[in-house]
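Here's the structure we're looking at; comments come further down.
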Amino acid sequence: MTNKQETKVLNDTPSGISEACRRLKSGELVAFPTETVYGLGADARNSMAVAGIFKAKERPTFNPLIVHVESLDAALELIDLPPALKELAKRSWPGPLTLVAPIKPNTGISDLVTSGLDTLAVRVPNQQLALKLLSEFGGPLAAPSANPSGLVSPTTVEHVIDGLSGKIAAVLDGGPCSIGLESTIVGIENDVPTLLRAGGLSIEDISEISVVQSRAVGSTKILAPGQLQSHYATKAEIRLNSSAPKHNEAYLAFGNSKPDWVGLDLSPQKSTTEAAANLFAHLRSLDQTCTEQGIGTIAIAPIPDDGLGLAINDRLKRAAAPRNS
Ligand code: TXA
Ligand code: MG
């Protein structure tokens, strides 16, 4: 049974938003923009709808989902935020930060969202259309990135359609995502705020206000279940930290492109913020070029770890990981 359905593109208009809400309330899946990447939204209190996310993405069910809400107050109805995380939330929400904290009793959140854990991941996105949607919907929306599991995350409506057309009811069009990398995830371990995933909020931004251990980065221990090794898989192989492409390689440059190379530049300005915004779109488009031109490998320039560089390098390591895990 394929259940093929037409995927509707909805505009940022009152009627587009109302239709998105109506569909979400009836248990359908609607992708929506955030400042990080497009999310595949479902009513977090409707288990059938949440199950639909796993089906559409073909996602392993042990992988819990992030819930999106419109405000800190709405988040506090769902989770018990320890003071250190609450301070982070006040500083950074709305924004590209997800907080993992103990879930309160009787929230109605589907067990499929938490994968049975006693914690819940929550964030308030900093994107006007997402906030309008959340406010009109009036409840939590579960939303992982709106791409088939393991593939490159979507930063435009076209990317969402490429991956999920026919499998979801609709996508709200909010234009390209401004940040282009998933949110930074912070939890609590032994009373210390702990980085679980590097992301769109840079470590420098966080360490200003709170001690953060970055144990998850570069370690092989899976802290956020779902931090699977191979992720963001392209069809072409990936070769990291290369200052120039070899013969018959495409090149993803960082301010060091040459006109005779087949490739794209993540940031002519050598800015990790600009590179983050371009990362997924450039990976997709270069992968397509490789397929068309019979090129087997994308070589990628070294990216500095400053600002969003840490998160970019985390994504690139996963993109380069062996595909059989
Ligand atoms: O920017 C983002 O975070 C995007 C947009 C759509 O908001 N969402 C996103 O969701 O990246 P997703 O599902 O692709 O990534 C969720 C991550 C996974 O690594 C998952 O394991 C982790 O969050 N996570 C969710 N709930 C958790 C929990 N209770 N404890 C630890 N990690 C959790
Ligand atoms: Mg994802």
Side-chain angles (χ1 to χ4, degrees), residues 29-42 44 50 53-54 56-69 78-80 85 92-103 107 109-127 129-131 133-134 140-155 159-160 163-164 171-172 174 177-189 194-201 216 221-233 276 279-280 308 311 314-315 318-319:
L29 304 181
V30 178
F32 63 93
T34 79
E35 78 280 35
T36 59
V37 299
Y38 273 74
L40 178 54
V50 176
I53 290 181
F54 291 102
K57 282 183 63 94
E58 297 178 27
R59 182 175 191 160
T61 42
F62 52 78
N63 194 349
L65 304 174
I66 295 173
V67 154
H68 298 66
V69 294
L78 303 176
I79 48 176
D80 278 317
L85 294 194
S92 307
W93 280 351
L97 172 73
T98 294
L99 295 175
V100 175
I103 188 168
T107 59
I109 298 286
S110 162
D111 283 340
L112 275 177
V113 171
T114 56
S115 298
L117 299 172
D118 52 12
T119 53
L120 179 69
V122 181
R123 87 177 188 98
V124 181
N126 187 18
Q127 210 279 0
L129 181 50
L131 290 171
L133 178 71
L134 286 164
L141 288 178
S145 52
N147 53 280
S149 197
L151 302 186
V152 179
S153 299
T155 55
H159 296 164
V160 176
L164 296 175
V171 51
L172 262 175
C177 302
S178 60
I179 291 181
L181 273 184
E182 295 88 344
S183 59
T184 298
I185 305 182
V186 174
I188 272 261
E189 272 196 5
T194 303
L195 182 70
L196 303 182
R197 176 177 77 181
L201 187 70
K221 187 180 165 207
I222 297 177
L223 282 179
Q227 290 284 72
L228 303 175
Q229 274 241 304
S230 171
H231 214 109
Y232 313 104
L279 180 67
F280 292 138
L308 297 187
D314 169 76
R315 305 304 185 273
R318 289 170 208 289

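We count ligands from 1, going down the list as the structure has it; atoms in each ligand are counted the same way. Predicted model, so just to flag it, every value in this text is computed and none were measured.
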Of all the atoms in ligand 1, which lie at a distance below 4.0 Å from a heavy atom belonging to [X]?
| X | result |
| --- | --- |
| Ala121 | 25 (C), 26 (N), 27 (C) |
| Thr119 | 28 (C), 29 (N), 30 (N) |
| Ile66 | 3 (O), 8 (N), 9 (C), 10 (O), 16 (C), 23 (O) |
| Asn63 | 18 (C), 20 (C), 21 (O) |
| Leu117 | 28 (C), 29 (N), 30 (N) |
| His68 | 5 (C), 6 (C), 7 (O) |
| Gly39 | 6 (C) |
| Glu182 | 1 (O), 2 (C), 11 (O) |

Quick check against the 3.5 Å criterion: does [X] have a side-chain atom that pairs as donor or acceptor with the backbone of [Y]?
| X | Y | answer |
| --- | --- | --- |
| Ser110 | Leu112 | yes |
| Thr34 | Val37 | yes |
| Thr98 | Ile185 | no |

Would you kindly say whether Arg318 and Tyr232 are connected by a side-chain donor-acceptor distance under 3.5 Å? no
Between Ser145 and Glu182, do the side chains contain a donor N or O and an acceptor N or O under 3.5 Å apart? no
Got a salt bridge between Arg123 and Glu35, using NZ or NE/NH1/NH2 to carboxylate O under 4.0 Å? yes
Could you walk me through whether Ile109 and Leu78 satisfy the side chain to side chain contact (heavy atoms under 4.5 Å, CB included) test, starting with their C-alpha distance in whole Å, then the side-chain angles of each, then the deciding distance to 0.1 Å, before giving a yes or no? CA-CA 8 Å; Ile109 298 286; Leu78 303 176; 4.2 Å; yes
Short version for Ile185: what comes under 4.0 Å of ligand 1, heavy atoms counted, is side chain
Ligand 1 versus Ala143, non-hydrogen atoms closer than 4.0 Å: side chain, backbone, both, neither? backbone
To atom 28 (C) of ligand 1, the nearest of Leu40, Val100, Leu196 on a heavy-atom basis is Val100
Winner among Lys57, Gln127, Arg197, Arg59 once heavy atoms are compared against atom 13 (O) of ligand 1: Arg59
Contact check: Thr34 vs ligand 1, nitrogen or oxygen atoms, below 3.5 angstrom: no
Output yes when the distance from some N or O of ligand 1 to some N or O of Thr36 is under 3.5 Å, and no in every other case. yes
Paired with Phe280, the side chain to side chain contact (heavy atoms under 4.5 Å, CB included) test is passed by just one of Leu151, Asn147, Thr155, namely Thr155
Is ligand 1 less than 4.0 angstrom away from at least one heavy atom of Thr114? no
Run the side chain to side chain contact (heavy atoms under 4.5 Å, CB included) test on Arg197 and Ser183 for me, step by step, so that the C-alpha distance in whole Å, both residues' side-chain angles and the decisive distance to 0.1 Å come before the verdict. CA-CA 8 Å; Arg197 176 177 77 181; Ser183 59; 3.3 Å; yes
Ignoring water, what protein N, O or S atoms are under 2.8 Å from the Mg ion (ligand 2)? Ser145 OG
Do the non-hydrogen side-chain atoms of Leu40 and Lys57 ever get within less than 4.5 Å of each other? yes
Return the minimal non-hydrogen interatomic distance between Leu29 and Ala56, and the atom names on each side. CD1-CB, 3.9 Å
When you look at Val186 and Val100, which way does the side chain to side chain contact (heavy atoms under 4.5 Å, CB included) test go after all the steps? CA-CA 6 Å; Val186 174; Val100 175; over 6 Å; no
With side chain to side chain contact (heavy atoms under 4.5 Å, CB included) as the test, would you mind laying out the steps for Leu141 and Leu133 before giving the verdict? CA-CA 10 Å; Leu141 288 178; Leu133 178 71; 3.8 Å; yes
